[in-house]
Protein chains: 2
Amino acid sequence: MATRTRRSQRRTQALSRERIVEAAVELLDAAGESGLTFRALTERLATGPGAVYWHVANKDELLGAATEGVVAAALAADPTEPAGSPQDGIRAVALGLAGAIEEHPWLATQLAVQLSRNPWGTVTARIFESIGRQVRALGVPESSWFTATSALLHYILGAAGQNAVNAGVPGPGTDREEFLGAVSTAWKELDPDDYPFTRAVADQMREHDDREQFLAGIDFVLTGITTLHPPAGRPGTPPASRETGTP
Amino acid sequence: MATRTRRSQRRTQALSRERIVEAAVELLDAAGESGLTFRALTERLATGPGAVYWHVANKDELLGAATEGVVAAALAADPTEPAGSPQDGIRAVALGLAGAIEEHPWLATQLAVQLSRNPWGTVTARIFESIGRQVRALGVPESSWFTATSALLHYILGAAGQNAVNAGVPGPGTDREEFLGAVSTAWKELDPDDYPFTRAVADQMREHDDREQFLAGIDFVLTGITTLHPPAGRPGTPPASRETGTP
DNA sequence: ACCTGAACACCGTTCAAGT
DNA sequence: ACCTGAACACCGTTCAAGT
């Protein structure tokens with residue numbers, strides 16, 4: 001969509017790093033990871049590869065910039081909700097990321113790649129900061145800030161990464177139900193000796209709701225954090241649970 | 001290492017899918033993701049691309065098979081420890097995977113890729129089963145098995161994925177300390193308005209121990225699970241915490 | 001059934017040359 | 001300073017031909 005300057009038409013907008021990254025995101029959204037090539041990119045930008053290389057070091061940097069741009073947009077979103085509990089704040093960050101992955105399915109893989117390649121880069125820092133502020137608001141003692149925030153970060157990224165593809169399907173959920181049904185059936189046909197547990201939860205797997213699962217996991221981590229590292233200032237304060245933290 | 005049949009020497013071992021996957025793992029270990037090409041693979045196997053394609057559909061399948069093989073080996077390991085608490089069992093599974101990633105750094109990215117591409121494939125099932133058995137042993141009510149196991153799976157994969165690279169460095173830790181020091185310094189130079197929290201934990205980040213962090217996160221999830229879903233059979237049983245679960 | 005290896009289409013990247 | 005575009009080295013994959 002948007003203003004698409006097709007080939008043969010001379011470029012009207014000056015080339016810039018931002019414009020290049022924007023085009024890269026569009027290509028990724030439209031055709032997935034394999035859709036981003038320098039040939040497709042230069043055609044869309046009506047230029048040559050040398051021009052792109054003037055603004056961007058290589059394809060890895062381009063993918064990193066695309067990832068960071070999309071993550072930054074996802075975390076900067078919704079100034080609608082003013083405050084709410086810290087627990088809700090963390091859920092909002094997590095759901096914001098999950099939403100970004102739903103809009104840009106390539107983000108799941110790319111987030112993982114960026115993370116394992118550059119574990120403490122700018123992408124991580126952005127997410128870390130968003131979660132950390134809520135951890136601080138939670139009253140976690142300062143000495144546990146890094147530990148608690150890291151745990152939340154890891155859970156969110158792990159869960160978001162896996163739930164990406166099933167969420168990517170359109171429609172009201174028919175495709176998704178079919179998919180989960182197929183997996184569930186496959187699980188029931190696993191070797192009873194090797195996979196007794198997986199077979200036993202095949203039905204739960206079919207019926208599960210991604211979003212609910214995602215939030216349940218966050219509640220586990222939050223409960224663990226507030227139980228093992230209760231607020232220091234107010235000694236009598238009980239650990240906050242899902243029930244008390246949600247409106 | 002191992003028996004390396006170099007080029008010009010005719011193949012002595014018959015070609016098979018297993019032999020191909022084994023060679024792929026060797027190439028990945030030696031030179032990383034970019035080291036696995038069909039040209040390097042066919043040279044090492046003293047054959048042509050057509051022969052490889054007879055046993056394997058394409059490169060994606062080859063990478064998937066390599067990932068699954070390494071994961072299976074990691075989870076099948078150590079029959080030395082007989083039992084221990086379920087908590088220790090989960091820690092063993094998690095540390096086993098972390099160890100595999102340390103031995104095969106490409107596994108971190110590849111695990112994420114496999115997971116986001118094929119969320120409920122055989123690789124996931126293997127890990128899921130290993131964790132799930134411990135969850136069952138934990139006394140979690142059956143209706144919560146899938147939720148609890150998924151949460152652990154996601155945390156472990158997210159954490160293992162990120163900690164891969166720093167763990168990849170050799171030596172007694174000097175390189176690693178230098179790396180963490182550099183990141184810590186970079187964090188302190190972030191914009192005070194945009195990154196107050198990240199700046200505040202820069203020192204904790206420098207001093208943190210990967211393994212300790214990893215286990216602390218598992219304890220959060222375990223505590224959350226046993227708190228929110230206590231064993232059904234024995235109503236009075238208190239939730240197991242790290243202290244009681246570790247010898 | 002299993003393997004050979006030349007050939008194909010395509011990719012990321014470079015660089016001398018232009019403005 | 002910024003852009004052009006031909007050229008290069010390399011990649012995954014195919015397929016007619018062999019055994």
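The shown structure was predicted, so the numbers you read here are calculated from the model rather than taken from an experiment. Naming: A, B, ... by sequence-line order, numbering from 1 per chain.
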Which nucleotide in the set dC3(C), dT13(D), dG12(C) lies at the smallest distance from any side-chain heavy atom of Phe38(A)?
-> dG12(C)
Distance, C1' atom - from dA17(D) to dC2(C), rounded to whole angstrom = 13 Å
Distance-only donor-acceptor check, side chains Thr147(B) and Gln213(A), under 3.5 Å | yes
Picking from dT13(D), dT4(D), dC3(C), the nucleotide nearest the side-chain atoms of Asn58(B) would be dT13(D)
Nucleotide nearest Thr37(B) (side chain, heavy atoms from C-beta), chosen from dC11(D), dT13(D), dC3(C) = dC11(D)
Rounded to whole angstroms, how far apart are CZ on Arg19(B) and C1' on dC2(C)?
-> 17 Å
Would you confirm whether Lys59(B), through its side chain, and Leu36(B), through its main-chain N or O, come within 3.5 Å as a donor-acceptor pair?
-> yes
Indicate the ring-plane relationship of Phe214(B) and Tyr155(B), choosing parallel, tilted or perpendicular according to the 30° and 60° boundaries.
-> parallel
Identified stems (criterion: three or more consecutive Watson-Crick or G-U pairs, under 3.5 Å), DNA chain D | C:4-8 with D:12-16, C:12-16 with D:4-8
Which residue lies toward the 5' end of DNA chain C, Arg39(B) or Lys59(A), if each is placed at its nearest nucleotide?
-> Arg39(B)
Expected output: side-chain Arg199(B) to main-chain Leu190(B) donor-acceptor under 3.5 Å = yes
Return the value, rounded to whole Å, for the distance between atom CD of Glu33(A) and atom P of dC10(C).
-> 20 Å
Should the pair Phe38(A) and Tyr53(A) be assigned to parallel (<30°), tilted (30 to 60°) or perpendicular (>60°) ring geometry?
-> parallel
For dC2(C), take OP1 and OP2 only and decide whether either is under 4.0 Å from a side-chain N or O of Trp54(B).
-> yes
When you check the phosphate oxygens OP1 and OP2 of dC3(C), does a side-chain N or O of His55(B) lie under 4.0 Å from one of them?
-> yes
Atom pair distance, as rounded to whole Å: OH in Tyr53(A) and P in dA7(D) = 18 Å
Work out which heavy atom in Val93(B) is nearest to a heavy atom in Ser130(B); give both atom names and the distance.
-> CG2-CB, 3.9 Å
Sugar-phosphate, base or nothing in reach of Leu36(A), heavy atoms under 4.0 Å = sugar-phosphate
Rounded to whole Å, the CD-C1' distance (Glu43(A) to dC10(C)) equals 15 Å
Please state whether the rings of Phe146(B) and Phe128(B) are parallel, tilted or perpendicular, taking 30° and 60° as the class boundaries.
-> tilted
Closest to the Pro49(A) side chain, choosing from dA1(C), dT14(C), dG12(D) | dT14(C)
